[in-house]
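Read through the structure below, which is laid out as structure tokens, and then see the notes.
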Number of protein chains: 2
Amino acid sequence: MTKQVSRPRAGLSREKVLDAAAAFVDEHGLPALSMRKLGTALGVEAMTLYYYVPSKAALFDGLVERTVEAALDGLVDRPSADWRETAISFAHGYRARLLRHPGVLPLIATRPVNSPRGFDTAERALAAFEAAGLPAGRAMDLFNALGTFAIGHTLAEIGRPTGHEETAEPPAEIDAGTHPRLAALVASGEGLDFDARFTAVVGFIVEGFAPEV
Amino acid sequence: MTKQVSRPRAGLSREKVLDAAAAFVDEHGLPALSMRKLGTALGVEAMTLYYYVPSKAALFDGLVERTVEAALDGLVDRPSADWRETAISFAHGYRARLLRHPGVLPLIATRPVNSPRGFDTAERALAAFEAAGLPAGRAMDLFNALGTFAIGHTLAEIGRPTGHEETAEPPAEIDAGTHPRLAALVASGEGLDFDARFTAVVGFIVEGFAPEV
DNA sequence: AGTATGTCTCTTACGTTGTAAGAAAAGCAA
DNA sequence: TTGCTTTTCTTACAACGTAAGAGACATACT
């Protein structure tokens, strides 16, 4: 009498695997993600995932592509008549959506944008900027400047990503004697408003390009 | 007759271990770094490293601290009389030194600056900016804006970090039909000059803060 | 000289990881 | 039923981080 195993199918798909990976990474942090744990989270053995994804590296690639596309998608769909507004809302939208997936951000930050939908967004942004009179090269610079600033700023904003807390030293032992200005700022909270700073700097960048239109 | 092993000491130190780790990571990429391989690079067994470093995570922390300190050290030692010049040279110096350790950059990008010498640099920069008349909060914003932009921009500049080449799809298959502007820019190379863009945008950011002094 | 004491390095071992190879079950068609 | 395709699992292996402790080296003291 052999044991009769009931093994109904899990009904997975590449999309579901990537969804679960994104959720897992946002909750537990990148380093905690293993194929076995992701499998468990999906009610499946690790090797099953390889039916949907050729390797862990490819899973990461898919994760990045998905998240970046979701972050960029629709951002410049209806460009404003004012190119500045287009640029500013692009930057703010991009940052806001990146913040939704803090676990994936470190992955995004280390790979160039290389996906069709990313290209679409860039193309539309370039079209809007060029239509307003910005030379093509300047339009590209503006787009890239906003993108890279958004990434750098957002990385700082999320701080040490989930999953690194164990290693973290106490956040700061700033000596008011040797670092009076730093200590005062931390105490008062001044200069630590990420929203305000991002808004201001994006504005500065956009204004910097303005004389060229 | 027991085998007589000659085991002269390797003469290691925490510094040498971190040096070797930085060199290894710059050459082979972060993911390639294992304790065993780093040991081999130093002519030593993996476990020997644990005499100098309590864990791999701590090794990473040390690597980041070292590299960031090296990147920041001396950058604002002799602030110019012109605060703009101070800000601009800080940004350029920071970027230039970050570019020297592309392998460590992804690690840096995901952790907050939390080291004494980093604080020193911040304190000096704040002093210079405040002396010029910038309100404390704005001085902090300027410093952080330049730092985060430098990180984001440099990440984009090094592209996919060493050790990820295998996974890389061909860099870009941009269709001139659907993405004419993008294709034209890539073809002409316009808007792809990292030096020029960084210089320009840093200038815009600094000028943006100027009205507040 | 020997011996004791610390400093440094190695050996062994365990649990976890990514994944190659292929068996086996589930679903569907004939 | 038989067969075929799609999906899942089992088994296995090399490489990883590192705990525990043994052993070799260096130095100081008798």
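For the numbers below, each heavy atom of this structure counts, side chains included, while hydrogens, waters and symmetry mates do not. In what follows, every chain begins at residue 1, and chains take the letters A, B, ... in the order their sequences are listed.
As judged by a 4.0 angstrom heavy-atom cut-off over every strand, A/L38 is placed among residues making no nucleic acid contact.
Ion pairing between A/R36 and A/E45 fails under the 4.0 Å rule for side-chain N and carboxylate O. A salt bridge does not link A/R66 with A/D73: none of the charged nitrogens is closer than 4.0 Å to a carboxylate oxygen.
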Item to check | Bracket notation of DNA chain D in which parentheses pair within the strand, [ ] cross earlier pairs, and | pairs with another strand (Watson-Crick or G-U, under 3.5 Å) | outcome: ..||||||||||||||||||||||||||||
Checklist entry - What's the verdict on ring-ring contact (aromatic ring centres under 6.0 Å, His included) for A/F143 and A/F90, showing C-alpha distance, side-chain angles and the deciding distance? => result CA-CA 9 Å; A/F143 183 74; A/F90 159 73; 4.9 Å; yes
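Along DNA chain C, the nucleotide nearest to B/E45 and the one nearest to A/Y50 differ in position, and the one closer to the 5' end is contacted by B/E45. Place A/G11 and B/M47 on DNA chain D by their nearest nucleotides, and A/G11 ends up nearer the 5' end.
Residue A/R36 places no side-chain atom within donor-acceptor reach of the base of C/dT16, judged by atom type and a 3.5 Å distance cut-off alone.
As a whole-Å value, the separation of A/H28 NE2 from C/dT17 C1' is 18 Å. If you measure from atom CG of A/L59 to atom P of C/dT17, you get 15 Å, rounded to the nearest angstrom. Residue A/K56 contributes atom NZ, which lies 4 Å from atom P of C/dG18 at whole-angstrom precision. Rounding to whole angstrom units, CZ of residue A/R9 and P of D/dT5 are separated by 14 Å. Between B/M35 atom CE and C/dC14 atom C1' there is a gap of 17 Å when expressed in whole angstrom units. Here the C1' atom of nucleotide D/dT8 and the CG atom of A/L42 are 13 Å apart, to the nearest Å. When rounded to the nearest whole Å, the span between CG of A/L49 and P of D/dT6 equals 19 Å. To the nearest angstrom, C1' of D/dT6 lies 18 Å from CZ of A/R14.
The aromatic rings of A/F119 and B/H179 lie perpendicular to each other, with more than 60° between the two planes, well past the 30° mark.
Remark: B/T48 is in phosphate contact with C/dC10, judged by side-chain N or O atoms under 4.0 Å from OP1 or OP2. For B/K37, no side-chain nitrogen or oxygen approaches OP1 or OP2 of D/dA15 to under 4.0 Å. For the pair B/S34 and D/dA15, the criterion of a side-chain N or O lying under 4.0 Å from OP1 or OP2 is not met. Residue A/Y51 places at least one side-chain N or O closer than 4.0 Å to OP1 or OP2 of D/dT7.
A/L185 has its side chain within reach of B/L126: a pair of non-hydrogen atoms, C-beta onward, lies under 4.5 Å apart. With contacts defined as side-chain heavy-atom distances shorter than 4.5 Å, the pair B/L107/B/L30 qualifies.
A donor-acceptor distance shorter than 3.5 angstrom exists from the side chain of A/T148 to the backbone of A/N144, with no hydrogens or angles considered.
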